[in-house]
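Below is one structure, written out as structure tokens; comments come after it.
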There are 2 protein chains.
Amino acid sequence: METKEEKKAQGDKREKILQGALEAFAKKGFYNTKVSEIADEAGVADGTIYLYFKNKDDLLISLFEDRMEWIIDRIEAELEQVEGGTIEKVRRYMELHFQLAVENPALAEFITVELRQSAKFIKEYDNPKFGDYLGILKRLIEEGQQDGTFREDLDSRLVSRAVFGALDEVLLQLTLSAEKPSDVSLEATQVSALLIDGLRARE
Amino acid sequence: METKEEKKAQGDKREKILQGALEAFAKKGFYNTKVSEIADEAGVADGTIYLYFKNKDDLLISLFEDRMEWIIDRIEAELEQVEGGTIEKVRRYMELHFQLAVENPALAEFITVELRQSAKFIKEYDNPKFGDYLGILKRLIEEGQQDGTFREDLDSRLVSRAVFGALDEVLLQLTLSAEKPSDVSLEATQVSALLIDGLRARE
DNA sequence: ATCCATTGAATGAATCGTCGTTCAGTAATT
DNA sequence: AATTACTGAACGACGATTCATTCAATGGAT
């Protein structure tokens, strides 16, 4: 009982800080967010943050790791449910990308806006989890190329980048302008129509 | 004689500061760049920067405006030279997007990495020049929809976003990993093949 | 032509507010 | 009582901005 409560308390506090950081970063960006604001948002003292994270950079990186892992797990779980060919899987991947963003607006804002900065400027951090996320898409595309549904003249690594970029930019626009989730499925449908038709093999 | 020399000296200094800022921002990012570093890079004193720009934010915004305007002018001039239909124009647009990036690596790095941040966190700045840049692509797509080369079921604003996102993400990857310009044309070709085939009208 | 007065662009050291981080003290738990 | 978790005020470094000072260029006066 002790250990469980202890672990839960620990986990609770760490998670509260991560969540507070997420809200704060989404609202004001990493560099404009004070550690004290994160503490406020999380309902802990400033110093407590340093019991769980080495420094502000480490908090940012941990937040990436943690949330990306969660995203990857969810996407992979959902993709296993898909019955149908590669096209259906890719379509579902795109749908999920949008859907997760709509369900977690702060997370979407955080990732779309901060990913590039941090990738480049947080020293010696090369963001392996983001690579994993792209890897899912890359594998789907290769699968499609092997079974003949997708054209084979395009490099899967390059294309997965391009597809991610398209999804991400559209999402950025949606999250920045306070749009309703209602019509997001329309956006998702159009973007996936464009990209999947571009990927299709022709006779 | 006086006025010409005066104006040139003025212009020179302002431009030197902008260029210094560009190099510095590309190298370390906006928030990690000290004003004194920009001054060093530009070969002027710290205080001189404040004779030409209100503050650091203003310098960032001015840099965007100035360089985006230059890009837009160049793209529009080049597009006028294109003989051929809408597809050729769109292909050329994408080619130019990559080509300009290869010719101006610091500028490419600056725009791909800083555009999102600044769009969101520099107060009350909505980046009209970036809208203009996207507008060129949007108009091309509408043109293609009207003359029947492009499918009409996709919203041109959305699609132009998606296409920009795809180009931008691929470019980001290229600029971050120190690649040779030699094979960039290959990347450009593949991305435009993907996107243009996605845009094409089918019988 | 020479000298002096005036200008204002440019400088860069000093200022001052702003955080990230620490740590001595307090509370909670066992 | 001892150990551990937490707190938040204080510290110190940092860096954007300011402003008193310099000095090269200009032009009017002799």
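The chains referred to below are lettered A, B, ... by the order of the sequence lines, with proteins before strands, and numbering in each begins at 1.
- A:Lys13 has a side-chain polar atom (N or O) that falls below the 4.0 Å cut-off from OP1 or OP2 of D:dC6.
- Going from atom CD of A:Glu37 over to atom P of D:dG8 covers 17 Å, rounded to whole Å.
- The cationic atom of A:Lys56 (NZ for Lys, CZ for Arg) lies less than 6.0 Å from the six-membered ring centre of A:Phe30 and within 45° of the ring axis.
- The salt bridge (Lys or Arg N to Asp or Glu O under 4.0 Å) with A:Glu41 is formed by just one residue from the set A:Lys34, A:Lys28, A:Lys27; it is A:Lys27.
- In this structure, A:Lys129 is not positioned above the aromatic face of A:Phe64 in the sense of NZ or CZ being under 6.0 Å from the six-membered ring centre and within 45° of the axis.
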Enumerate all atom pairs, one protein N or O and one N or O from nucleotides 12-16 of chain C, separated by less than 3.5 Å.
residue : atom : partner : partner atom : Å
C:dG12  : N7   : B:Gly47 : N            : 3.2

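- Taking atom CG of residue A:Leu59 and atom C1' of nucleotide C:dT21, one finds them 14 Å apart after rounding to whole Å.
- In this entry the distance linking OH of B:Tyr31 with C1' of C:dG20 reads 17 Å, nearest Å.
- Separating the CG atom of B:Asn55 from the C1' atom of D:dG15 is a distance of 14 Å, rounded to the nearest angstrom.
- Nearest nucleotide to the A:Lys34 side chain, out of C:dT22, C:dC19, D:dA16: C:dC19.
- Protein atom CZ of A:Phe53 is 18 Å distant from nucleotide atom C1' of C:dT22, rounded to whole Å.
- The nucleotide whose nearest atom lies closest to any side-chain atom of B:Tyr50 is, among D:dT17, C:dA10, C:dT21, D:dT17.
- Ion pairing between B:Glu169 and A:Arg116 holds under the 4.0 Å rule for side-chain N and carboxylate O.
- Between A:Glu187 and B:Arg161 there is no salt bridge, since no side-chain nitrogen of the basic residue lies less than 4.0 Å from a carboxylate oxygen of the acidic one.
- Atom CG in A:Asp40 sits roughly 10 Å away from atom P in D:dG8 (whole-Å rounding).
- Between the side chain of A:Thr149 and the main chain of A:Gly144, a donor-acceptor pair closer than 3.5 Å is present.
- Contact check on B:Glu142 versus B:Lys138 returns a salt bridge, with a Lys/Arg side-chain nitrogen under 4.0 Å from an Asp/Glu carboxylate oxygen.
- Put simply, NZ on A:Lys16 is 13 Å from C1' on D:dC6, counting in whole angstrom units.
- The separation between A:Asp12 atom CG and C:dA28 atom C1' is 17 Å, rounded to whole Å.
- When distances run from any side-chain atom of A:Leu51 to the nucleotides C:dA10, D:dT7, C:dG20, the shortest one goes to D:dT7.
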